[in-house]
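Worksheet: the structure to be examined is printed underneath.
No hydrogens, no waters, no symmetry mates; every other heavy atom, side chains included, goes into these values. These numbers come from a predicted model, not from an experiment. Numbers here are sequence positions counted from 1.
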Amino acid sequence: MLQNIKSVLIGMTEEGIDEPSSALAYGLSLAQKSGAHATIQAASLKVVMGNTFVSNVASGLVAAHNRRLRHLADAVAERARGDAAAAGVAASVDTPQLSYPQLVDTFIAQARVHDISVLDAETATVNADRGLIEGLLFESGRPLLVVPPGFDTFRHHRVLVAWDASARAVRAVNDAMDILKAAETVEVLAIGSEKELAHEVPGAELAPHLVRHGVNVSVKNLVAGPEGIAGTLREQASLIDADLIVMGAFNHSRVREWVLGGVTQSLLEDCKVPLFMSY
């Protein structure tokens, strides 16, 4: 059992798009294995009319759309309650209908009082789920698990740690320590140029620290391949059949509208393994 995870926030956003969600089953599996309480936010986006001079017809269409999304979110919430009960997980379920800014702010506030959040991966660069991922990463102060389609069970037998000795990577390793200690094998992977790797062994300094915490760890250094650092990470995760990638997240923007760093964005857009990320 994972000892230090006591509260898990699972976020799902109903936008009226028929997309499968892995976050619910994966998050409940994590809560079950850690003996944690699950807070499930089955939120729906509320369309708000900004023009006071819109026609009654337009206003009626928007109201009908909002009702439809609310009904869909209620159905998801009902299923979530049943799934949590079947898994033996203590859970609370909420179905807020909020405008987009309110929705993001609500999720961030909730994430700050939970040990970890779980969201579905989203390949599109602009939509509600992607905005939530960025908001929780950069503003909640808590780690985030991003789950690609097809993962319904939390596993951590083989964990790949992306290591560049940055403060964000340190934060991710520390946040994931409970998971790393419980893993069968942990590989610390440093990726650089041939010149960089010729003069140092990145990751070697991390291994003794992890061993002292009881982690079964190995270290590997790889030269970045043609698809860059993200592609090399994906390839290595596939080679070792990793259940999870632990990494620090980066952004390239100093303004409120975040622009994700290249490696972070690339992995969010195309990764076949759940991502444990901290900032």
Side-chain angles (χ1 to χ4, degrees), residues 1-2 4-48 63-122 127-137 139-155 179 274-277:
M1 181 179 288
L2 304 174
N4 295 324
I5 298 177
K6 301 300 181 185
S7 56
V8 177
L9 175 65
I10 303 170
M12 296 174 292
T13 305
E14 183 57 64
E15 301 175 72
I17 303 172
D18 186 17
E19 290 182 337
S21 172
S22 297
L24 177 60
Y26 191 88
L28 288 176
S29 175
L30 171 61
Q32 182 187 54
K33 293 181 179 181
S34 57
H37 179 276
T39 300
I40 302 166
Q41 288 275 7
S44 56
L45 275 177
K46 182 178 183 179
V47 177
V48 179
H65 177 74
N66 286 336
R67 285 195 299 271
R68 173 176 168 269
L69 293 187
R70 182 58 185 264
H71 291 326
L72 290 172
D74 288 341
V76 171
E78 189 62 28
R79 177 169 62 85
R81 292 186 183 95
D83 290 351
V89 173
S92 54
V93 184
D94 192 18
T95 58
Q97 184 167 51
L98 303 167
S99 67
Y100 180 71
Q102 292 173 327
L103 186 146
V104 173
D105 289 344
T106 296
F107 270 87
I108 290 171
Q110 283 286 303
R112 288 171 178 166
V113 292
H114 287 76
D115 293 315
I116 192 167
S117 299
V118 181
L119 292 178
D120 284 299
E122 179 49 62
N127 77 358
D129 288 340
R130 186 56 174 270
L132 284 176
I133 289 172
E134 297 182 17
L136 265 63
L137 270 179
E139 294 193 56
S140 74
R142 295 290 193 176
L144 172 65
L145 264 168
V146 180
V147 189
F151 286 84
D152 57 6
T153 302
F154 173 78
R155 294 186 177 90
I179 293 172
L275 300 174
F276 180 110
M277 294 188 291

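- The side chain to side chain contact (heavy atoms under 4.5 Å, CB included) with Val118 is formed by just one residue from the set Leu9, Leu24, Leu136, Leu145; it is Leu145.
- From Leu28, atom CG reaches atom CD1 of Ile10 across 4.0 Å, with rounding to the nearest 0.5 Å.
- Among all heavy-atom pairs drawn from Ser140 and Arg112, the shortest one is O-CG, 3.1 Å.
- Taking all atoms of both residues into account, the shortest heavy-atom contact from Ser44 to Ala73 is CB-CB, 3.9 Å.
- Rounding to the nearest 0.5 Å gives a distance of 9.0 Å between CG of Asp74 and CD of Gln97.
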Step by step, would you call Leu30 with Leu2 a side-chain contact (heavy atoms from CB on, under 4.5 Å)? CA-CA 9 Å; Leu30 171 61; Leu2 304 174; 3.8 Å; yes
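- Taking every heavy atom of both residues into account, Gly150 and Ser22 meet most closely at N-OG, 3.1 Å.
- Under the 4.5 Å side-chain criterion, counting only non-hydrogen atoms from C-beta, Val146 is not in contact with Leu137.
- To the nearest 0.5 Å, atom CD of residue Gln41 and atom CG of residue Asp94 are 5.0 Å apart.
- Across all non-hydrogen atoms, the minimal contact from Ile116 to Ile5 is CG2-CG2, 4.2 Å.
- Interatomic distance, OG1 of Thr13 versus CG of Leu98, reported as 10.0 Å (0.5 Å rounding).
- Listed here is the closest heavy atom pair of Asp115 and Asn4: OD2-O, 3.8 Å.
- With hydrogens and angles ignored, the 3.5 Å screen pairs no side-chain donor or acceptor of Asn66 with any backbone N or O of Lys46.
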Ile179 and Phe154: CA distance, side-chain angles, deciding distance, side-chain contact (heavy atoms from CB on, under 4.5 Å) verdict: CA-CA 11 Å; Ile179 293 172; Phe154 173 78; 4.0 Å; yes
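- Scanning all heavy atoms of the two residues, the minimum distance from Ser7 to His114 falls at OG-CA, 3.3 Å.
- Residues satisfying the side-chain contact (heavy atoms from CB on, under 4.5 Å) test with Val93, not counting sequence neighbours, are Ile40, Ala77, Arg81.
- Atom-to-atom distance recorded for Tyr26:OH and Leu119:CG is 12.5 Å, nearest 0.5 angstrom.
- Counting non-hydrogen atoms of other residues, nucleotides and ligands closer than 6.0 Å to CZ of Arg70 gives a total above 12.
- To the nearest 0.5 Å, atom CZ of residue Arg67 and atom CG of residue Leu72 are 13.0 Å apart.
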